[in-house]
Amino acid sequence: MKFNFKLLVLASLITVTSLSAATWKYAMGEGKKDPQGIYAVAFKNYIEKHSDNKIEIYPVGSLGEETDMMEQTRFGIIQFLGQSTGYMGATIPEMDLFTLPYVLPTDTKELDYFFKHSKVINKMLPPIFNKHKLELLSVFPEGEMAITTNEEFHSPADLEGKKMRVMPGSPILVDTYEAFGASPVPMSWGDLIGALKTNMVDGQENPTVWIAAYNLDKLSKVLTYIGHSSFNAVAVANKDFYDRLSKKNKKLVQEAAKYAHKVILKAAKNLDKKGIEKIKKNNPDYKIVRLSEKEKSLFKEKAKKVQDKFASKSVSNKKLLNQMKEDLHEAEKNNSK
Ligand code: 6CS
């Protein structure tokens with residue numbers, strides 16, 4: 001039989017390529033059209049455009065709740081995860097930094113600058129995530145937190161005794177709503193719709209893009225902005241998986257994360273506007289309230305002890321909060337140029 005050298009080379013190339021090509025799982029706490037999905041799809045497109053690797057995306061609910069997916073990622077069952085920071089504080093206490101009331105601005109330009117240049121995100125958090133078997137890829141905003149209730153409120157006194165759902169992984173969210181006079185109810189997303197329908201809870205908070213996407217306005221009478229926080233999410237990889245990647249694939253993952261971060265930050269500038277416009281179009285009689293600065297000051301006063309409690313929990317928390325305030329001051333200065 002004539003030795004067919006070309007066939008051998010082709011077969012070897014296919015073998016090497018197939019050996020080097022992989023399929024990676026990417027789970028998230030939202031759907032493909034939601035902000036975490038915008039990031040995940042951009043990440044997938046970059047990976048598949050620049051390599052033979054494939055990304056399988058698992059949207060919210062397909063692999064359990066956000067807390068389940070975090071454990072699956074930490075133990076390497078899933079390679080990549082998109083997660084809301086409101087679910088992370090119990091696993092990585094420092095991450096409650098992103099749920100603190102009246103620390104992050106609501107101005108989208110300042111947030112954009114902060115999420116691009118923050119020393120907290122780019123220098124201080126990666127080694128903390130490594131301790132939890134995770135490689136931090138990105139942190140990004142999904143919009144200003146808006147509060148939906150069945151009755152108008154303008155002060156902490158108005159929230160007295162109101163059962164307010166908060167995301168289940170954040171002690172700071174419990175502290176915040178207790179400080180605001182309410183009775184916080186930690187609850188996963190999967191249980192919230194039913195709880196609103198049966199009046200198990202009186203209200204909840206989410207960005208308007210999410211409120212509009214899942215018709216939470218139809219399960220309440222009024223939406224109130226108190227200017228207290230932004231909804232944020234992270235993208236992470238399992239650390240052992242990431243460390244075992246070839247140099248080429250590590251570079252590919254970092255470039256894909258950088259690209260997806262640019263895509264979601266660009267989209268994030270308009271998420272609030274798109275969300276509130278969709279709510280107004282679908283629900284024209286729905287009441288939308290923005291508290292005055294005077295009314296906000298009552299909530300800001302209550303928020304101070306929540307910020308102090310976070311900082312007092314550990315030296316790490318205190319350093320992170322101080323650095324975040326410096327990062328935000330930089331963002332504010334840049335925005336005033
Ligand atoms: O309220 C929640 O739990 C959900 N909200 C958003 C914006 N993303 C996912 C999260 O599970």
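Atom set for the values below is all heavy atoms of this structure, side chains included, hydrogens, waters and symmetry mates excluded. None of the values given here were measured: they were computed from a predicted structure. All residue numbers refer to positions in the sequence shown, counting from 1. All ligand and atom numbering here is 1-based and tracks the order in the structure.
Side-chain contact check for D191 and S188: no donor-acceptor pair (N or O, by modelled atom type) lies under 3.5 Å. In this structure, a donor-acceptor pair under 3.5 Å is present between the side chains of S84 and Q36. A side-chain N or O of Q254 and one of Y242 form a donor-acceptor pair less than 3.5 Å apart. Counted by atom type alone, D107 and N335 present one or more donor-acceptor pairs between their side chains at under 3.5 Å.
When heavy-atom distances to ligand 1 are checked against 4.0 Å, the residues falling inside are G29, E30, E66, S84, Y87, E142, R165, M167, W189, N206, P207, W210, F231, ordered by chain and number.
K163 NZ: more than 12 foreign heavy atoms inside a 6.0 Å radius.
Of the options F241, Y46, Y58, F43, a ring pair (Phe, Tyr, Trp, His ring centres under 6.0 Å) to Y26 is made by F43 and by none of the others.
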